[in-house]
Engineer: 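Shown below is the structure under consideration.
Sequential numbering from 1 along the given sequence is applied to the chain's residues.
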Amino acid sequence: MRERILALAAASALAAALSVAAAAAEKKYDTGASDTEIKIGQTVPLSGPASAYATVGKAQAAYMRMINDQGGVNGRKINLIQYDDAYSPPKTVEQVRKLVESDEVLLTFQIIGTAPNAAVEKYLNAKKVPQLFAATGAARFTDPKHFPWTMGFNPNYFVEGRIYGQYILKEHPNAKVGVLYQNDDLGKDYLAGLKAGLGAKAAGMIVAEVSYELSDPTIDSQILKIKDAGADLIFSASTPKQAAQAIKKIAELGWHPVHIVDINANSMNATLKPAGIENAKGLISVGYVKDPSEPVWKDDPGVKEYLAFMEKYFPDGDKGSNFNVYGYITAELMVKVLQQCGDDLTRENVLKQASRLDHVALGMLLPGITITTSPTDYRVNKQLQMIQFDGERWQNIGGIITDAASE
């Protein structure tokens with residue numbers, strides 16, 4: 001009997017040891033991850049010409065603080081390391097190298113801007129460091145064949161531009177279209193998409209294509225060129241500063257064209273207020289998130305959670321800012337991906353989980369809009385809704401537009 005008891009005890013001890021060993025063996029880490037921490041990094045334009053986007057990074061940092069207060073992700077605290085790149089590609093390169101080689105982050109998250117992301121895309125792919133949910137919709141950031149470690153978050157700029165082209169054909173078929181566009185991948189993708197949406201009529205309808213550099217102090221001369229070309233509809237493929245300047249200059253000229261702005265430039269605080277709210281009435285754009293200031297959402301659970309988060313973790317932030325909503329949903333999605341990784345926190349698995357999102361619903365997305373990705377289709381946001389500014393708030397003016405094409 002004694003021998004049997006000893007044998008059973010030995011067997012139990014061995015089983016326990018094997019169980020512990022197996023559990024330990026199941027944990028997989030790459031640089032930047034451990035039993036206690038997950039290090040992720042990003043660059044944010046806290047200064048410079050695109051500093052309006054700084055609040056996005058602040059909202060994301062606040063969200064990570066909330067998650068850490070709740071115990072982290074699978075017991076691990078998120079260490080979000082942020083550096084200012086002033087929206088300057090050379091600075092982005094410098095800061096991202098620091099994140100990867102000095103801070104040794106597991107991945108980069110939401111690097112803000114088309115040109116900044118383009119500057120580090122090849123580097124991050126060569127290092128096999130995930131460039132997740134890049135804050136840009138340029139088509140080049142949804143190319144898993146050539147850049148498998150890069151995944152953009154924003155709706156595809158080409159597709160968005162095409163939606164505007166189709167809208168113009170339907171609502172303003174005789175319009176004379178003038179285009180103001182940023183002279184980089186952002187502006188060029190929008191312009192190409194607009195032409196695709198207008199189709200065979202593009203050449204006859206577009207009367208002016210005028211670009212600007214991000215460093216230009218004003219775009220007054222560009223607006224004058226578009227007006228002088230006889231345009232009665234203007235599409236601004238721009239970022240907040242230039243969009244605000246365009247709205248204000250158009251008003252000063254006493255000119256009243258139909259005015260469409262891209263999704264990057266429809267912020268109330270960063271664009272409409274600097275331009276003058278009274279000057280922005282009638283503006284047309286697209287959106288995909290709930291406006292927390294809209295009475296229709298006052299009892300919505302997702303909006304209530306967002307407002308409670310802002311009150312506790314980002315009290316100085318503007319609760320009604322769509323930039324803060326954007327920061328909130330991108331951080332929420334990043335956390336969901338990390339949760340899906342479980343104890344396999346290798347860069348390969350992080351990318352695998354991010355590229356297999358299946359109709360993920362986030363609380364601040366408009367009803368009916370979900371997020372789905374696949375190994376062959378990295379585009380995170382594929383659904384948009386047409387909106388128009390009525391002088392006080394953005395109003396939906398059409399149903400949800402879904403485009404699953406992989407331009």
Side-chain angles (χ1 to χ4, degrees), residues 40 56 59-60 63-64 66-67 70 73-74 78 107 109-110 130-139 141-145 147-160 162-163 263 286-292 294 296-297 299-306 309 322 324-342 344-345 347-387 396 398-407:
I40 63 179
V56 172
Q60 290 164 340
Y63 190 91
M64 299 309 178
M66 178 184 72
I67 294 299
Q70 294 171 357
V73 176
N74 300 322
I78 297 176
L107 57 94
F109 160 67
Q110 270 276 295
Q131 185 178 6
L132 282 192
F133 307 141
T136 168
F141 301 109
T142 51
D143 183 6
K145 182 178 179 181
F147 296 101
W149 296 89
T150 298
M151 183 181 295
F153 179 86
N154 297 9
N156 183 290
Y157 294 156
F158 177 91
V159 172
E160 186 186 339
R162 187 170 63 194
I163 288 171
I263 197 170
V286 294
Y288 55 88
V289 299
K290 298 168 185 172
D291 181 346
E294 284 276 3
V296 70
W297 304 120
D299 296 320
D300 181 83
V303 172
K304 285 184 175 181
E305 286 185 15
Y306 164 77
F309 153 77
N322 60 348
N324 287 331
V325 173
Y326 175 89
Y328 178 86
I329 63 172
T330 49
E332 182 182 6
L333 186 63
M334 184 71 256
V335 168
K336 284 185 180 294
V337 169
L338 293 173
Q339 287 171 335
Q340 289 178 194
C341 289
D344 184 352
L345 285 167
R347 288 166 172 166
E348 184 177 355
N349 189 46
V350 171
L351 185 68
K352 177 182 177 181
Q353 299 304 323
S355 63
R356 286 168 172 79
L357 300 173
D358 185 17
H359 295 286
V360 175
L362 303 176
M364 288 301 290
L365 292 177
L366 289 170
I369 292 183
T370 58
I371 289 172
T372 298
T373 58
S374 76
T376 58
D377 185 359
Y378 273 13
R379 290 198 298 131
V380 175
N381 277 342
K382 306 178 181 71
Q383 299 170 309
L384 294 165
Q385 190 162 40
M386 296 297 299
I387 57 178
N396 296 332
I400 292 173
I401 302 166
T402 301
D403 192 318
S406 56
E407 288 86 357

Engineer: Testing the basics here: between Phe158 and Asn156, what is the closest heavy-atom pair and its distance to 0.1 Å?
Structural biologist: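 So the minimum-distance heavy-atom pair works out to N-OD1, 2.8 Å.
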Engineer: Could you check whether any side-chain heavy atom of Lys290 comes within less than 4.5 Å of a side-chain heavy atom of Val296, counting everything from C-beta outward?
Structural biologist: no
Engineer: Keeping the roles fixed (side chain from Asn349, backbone from Asp344), state whether a donor-acceptor pair exists under 3.5 Å.
Structural biologist: yes
Engineer: Any non-hydrogen side-chain atom of Asn396 less than 4.5 Å from a side-chain atom of Ile387?
Structural biologist: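 Side chain of Asn396 against side chain of Ile387, heavy atoms only: contact under 4.5 Å found.
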Engineer: Once rounded to the nearest 0.5 Å, what's the spacing between atom CZ of Phe133 and atom CG of Asn381?
Structural biologist: 10.0 Å
Engineer: Are Val380 and Thr142 packed together at the side-chain level, in the sense that at least one heavy-atom pair is separated by less than 4.5 angstrom?
Structural biologist: no
Engineer: Could you grab the distance from atom OH of Tyr288 to atom CG of Leu365, nearest 0.5 Å is fine?
Structural biologist: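 Reported value, rounded in 0.5 Å steps: 8.0 Å.
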Engineer: How about Tyr378 and Thr150: do any of their side-chain heavy atoms sit closer than 4.5 Å?
Structural biologist: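 Of all side-chain heavy-atom pairs linking Thr150 with Tyr378, none is under 4.5 Å.
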Engineer: Could you list the donor-acceptor pairs under 3.5 angstrom formed between side-chain atoms of residues 326-336 and any protein atom two or more places apart in sequence or on another chain?
Structural biologist:
residue: Tyr326; atom: OH; partner: Gln110; partner atom: OE1; Å: 3.4
residue: Tyr326; atom: OH; partner: Gln110; partner atom: NE2; Å: 3.0
residue: Tyr326; atom: OH; partner: Asn154; partner atom: OD1; Å: 2.5
residue: Thr330; atom: OG1; partner: Gln60; partner atom: NE2; Å: 2.9
residue: Thr330; atom: OG1; partner: Tyr326; partner atom: O; Å: 2.8
residue: Thr330; atom: OG1; partner: Gly327; partner atom: O; Å: 3.0

Engineer: State whether the side chain of Thr372 and the backbone N or O of His359 hold a donor-acceptor pair below 3.5 Å, judged by distance alone.
Structural biologist: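 Checking the backbone N and O of His359 against the side chain of Thr372, a donor-acceptor pair under 3.5 Å is found.
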Engineer: Using side-chain heavy atoms (C-beta onward) and a distance below 4.5 Å, is Ile163 in contact with Met386?
Structural biologist: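 Ile163 vs Met386: side chains touch.
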Engineer: Of all residues at least two apart in sequence or in a different chain, which pass the side-chain contact (heavy atoms from CB on, under 4.5 Å) check with Pro301?
Structural biologist: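 Applying side-chain contact (heavy atoms from CB on, under 4.5 Å) to Pro301 gives none.
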Engineer: Should we count CD of Gln339 as having more than 12 external heavy atoms under 6.0 Å?
Structural biologist: yes
